[in-house]
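So you know, we letter chains A, B, ... as the sequences are listed, proteins then strands, and number each from 1.
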Number of protein chains: 2
Amino acid sequence: MGNNNVLAQKVLTGDVRAAAKLIRRIDDGDREILPTLAQLYSHTGNAYIIGFTGSPGVGKSTLVDRIVTKFREDAKTVGVLAIDPTSPFSGGAILGDRIRMQRHFLDEGVFIRSMATRGNFGGLTRSTADAIVVLDAMGKDVIIVETVGVGQDEVDIVNSAHTTIVVTVPGMGDDIQAIKAGLMEIGDLFVVNKADREGAGKTVRDILFMLQMNDERKRLEGWEAAVVECVATEKIGVDKVYSAILDHKMYLGDRGKLRLEKIERSRVLTQFMDLFKEGLLERGLKKIGGQETLDKVVSDIMSRDNDPYRASSEFLDAVISSGSR
Amino acid sequence: MGNNNVLAQKVLTGDVRAAAKLIRRIDDGDREILPTLAQLYSHTGNAYIIGFTGSPGVGKSTLVDRIVTKFREDAKTVGVLAIDPTSPFSGGAILGDRIRMQRHFLDEGVFIRSMATRGNFGGLTRSTADAIVVLDAMGKDVIIVETVGVGQDEVDIVNSAHTTIVVTVPGMGDDIQAIKAGLMEIGDLFVVNKADREGAGKTVRDILFMLQMNDERKRLEGWEAAVVECVATEKIGVDKVYSAILDHKMYLGDRGKLRLEKIERSRVLTQFMDLFKEGLLERGLKKIGGQETLDKVVSDIMSRDNDPYRASSEFLDAVISSGSR
């Protein structure tokens, strides 16, 4: 607890090394840092959170870099979390960090971290929420979370941002990809990157058409998702993306107050539930006898002397009495 | 229980409507069917499970259809589960089912079902495992599970198959996509579909190169992942894919017996753990007081009068006593 306290104090003063250490321990699934995060929590709630999602190869990293530069020009400090569910073996996240850090490494106002969620307990959503707490407590004005948006986890992550941006590119059925992954409903802003490629206009029209089909939220909450073309590598259209982000931020502070409340509520609920689930599992497993019991039950199921449904029900009875019995 | 019993009996005789009904209830997260699944379980363990994964648009469905036809020519019955985490609003899975069913709808030996996992509790992995139990108990010789392989859930699903196939296409950085998603380690067989496109040779070389970098499993378990080119729409190379599948099946029955045991053990453990986790959460939430308690704690956290770490820890103490205290 003593060490945790020091770590928390350092993070609150904006100490980059302390924050990096804490995020690494979050990523490693180290539960001993939970008291530190608890201490930081009362200092959070000030950052504006932006989620970027899209398939690999659509140029999210470049676009995020450009947007970081725009926020820096407006004297905002920025934290970037690149959520990269890379295999634990390949070390992709660490490599990614190094490449990305170089672009802003002279700027103390930018803090970039990749996470691969190597921890055993808790998933992507949990680690990301914890890391957001760290960046928020550090005093970052803007937190950008970047994910590969196809899995449900990734969708959940960006969906808890204040502004959610879906990035796509012309052609290759990416319009359909976005629809399949259920991204149409979560996007506050759609960016067609690499818009100098053939078919950009069609992609924009496809997205607009899909938005018309899914306009319930828009009608209910008074926000019309924008579709913006850009070529991030050439810095073309980045200003338009940036002002669309600021438009949505303004909307949330004004007509979209109910939406803002809903986002905050949903993020808090998700974080609480993830911690609760994780703790239930940790304690439940300890209660039933740990690895040895698990090995035995798995063998019994494999030989069909037991089945997973009966086995889990019996173990549950031993851990928590069922209310209905 | 009476109705469940009848449903189980019908599934065991191969009744397609009963199986379809059961899978729909699995997909809806209906927990009342768990006793039915428990009854079916002792009749499982006979099917050969094949997982197909890859980004949207690589032509997985077409390839799966071709492979189904090959198995049918060998007089094997086939069940196909297309895992489609589409938004609950768009009804994509149902539409997908209709389109796919048409191709084999005169063939009683093929049973195709899409799942969107609309249920509240349990995720993709849980529903898929349950549906595999149904198809296995129905007597299907081969079960093909098809997912969009980027999220961790999807990777987990195909990873529990006997043979895992990663499908990609030439160009568009798909090689890098596969690596990013941690698919190199899980593939027993890599298919480069649409291989009549430019860059197919390079994609094959890239995969082979990546496999060389990740050859630990190969060395340890005596299996060298194959890389096969095909053009599924033109039926070119499908025979090669099919014999590569049979090669891997033969390997598992012979030199790969330890690997087979590992796969079975991992699938059973995952299914048990998913059921255990789900039950813990259901009972835990009931114990702490349900929705009203949740609303209160979320409000307290939002106002920073509490924090998610302390709150979850307190609730956990109320549900399961911590062993270490």
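Nearest heavy atom pair, residue A:Leu281 against residue B:Met273, reads CD1-CE, 4.0 Å. In terms of heavy atoms, A:Leu280 sits closest to B:Leu316 at N-CD2, 3.3 Å. In this structure, B:Ser313 and A:Arg283 approach most closely via the heavy-atom pair O-NH2, 4.2 Å. Taking each heavy atom of A:Ser42 and B:Arg304 in turn, the nearest pair found is CA-CG, 3.8 Å. Between B:Met302 and A:Glu261 the shortest heavy-atom distance is CE-O, 3.9 Å. Looking at every heavy atom in both residues, A:Phe272 comes nearest to B:Pro308 through CD1-O, 4.1 Å.
For B:Leu40, no part sits under 4.5 Å from any heavy atom of chain A, backbone or side chain. In this structure, chain A has heavy atoms under 4.5 Å from both the backbone and the side chain of B:Asp130.
Listed options A:Thr44, A:Val319, A:Leu294 were ranked by heavy-atom pairs under 4.5 angstrom with chain B; first place goes to A:Thr44. Options B:Leu269, B:Val133, B:Leu275 differ in how many heavy-atom pairs under 4.5 Å they form with chain A, and the most are formed by B:Leu275. Considering only heavy-atom pairs separated by less than 4.5 Å from chain B, the leading option among A:Val297, A:Asp295, A:Ile301, A:Ile288 is A:Ile301.
The structure places CD1 of A:Ile320 at 10.0 Å from CD of B:Glu282, a figure rounded to the nearest 0.5 Å. Between the NE2 atom in A:His43 and the CG atom in B:Asp307 there is a gap of 11.0 Å [rounded to 0.5 Å]. The line from OG of B:Ser312 to CD of A:Glu278 is 8.5 Å long, rounded to the nearest 0.5 Å. Separating the CG atom in B:Leu285 from the CZ atom in A:Phe276 is a distance of 5.5 Å, to the nearest 0.5 Å.
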Q: Report the C-alpha separation of B:Ser299 and A:Arg265 in whole Å, then their side-chain angles, then the decisive distance to 0.1 Å, and conclude whether the side-chain contact (heavy atoms from CB on, under 4.5 Å) test is met.
A: CA-CA 8 Å; B:Ser299 296; A:Arg265 184 163 282 278; 3.0 Å; yes

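Counted by atom type alone, B:Tyr309 and A:Gln271 present one or more donor-acceptor pairs between their side chains at under 3.5 Å.
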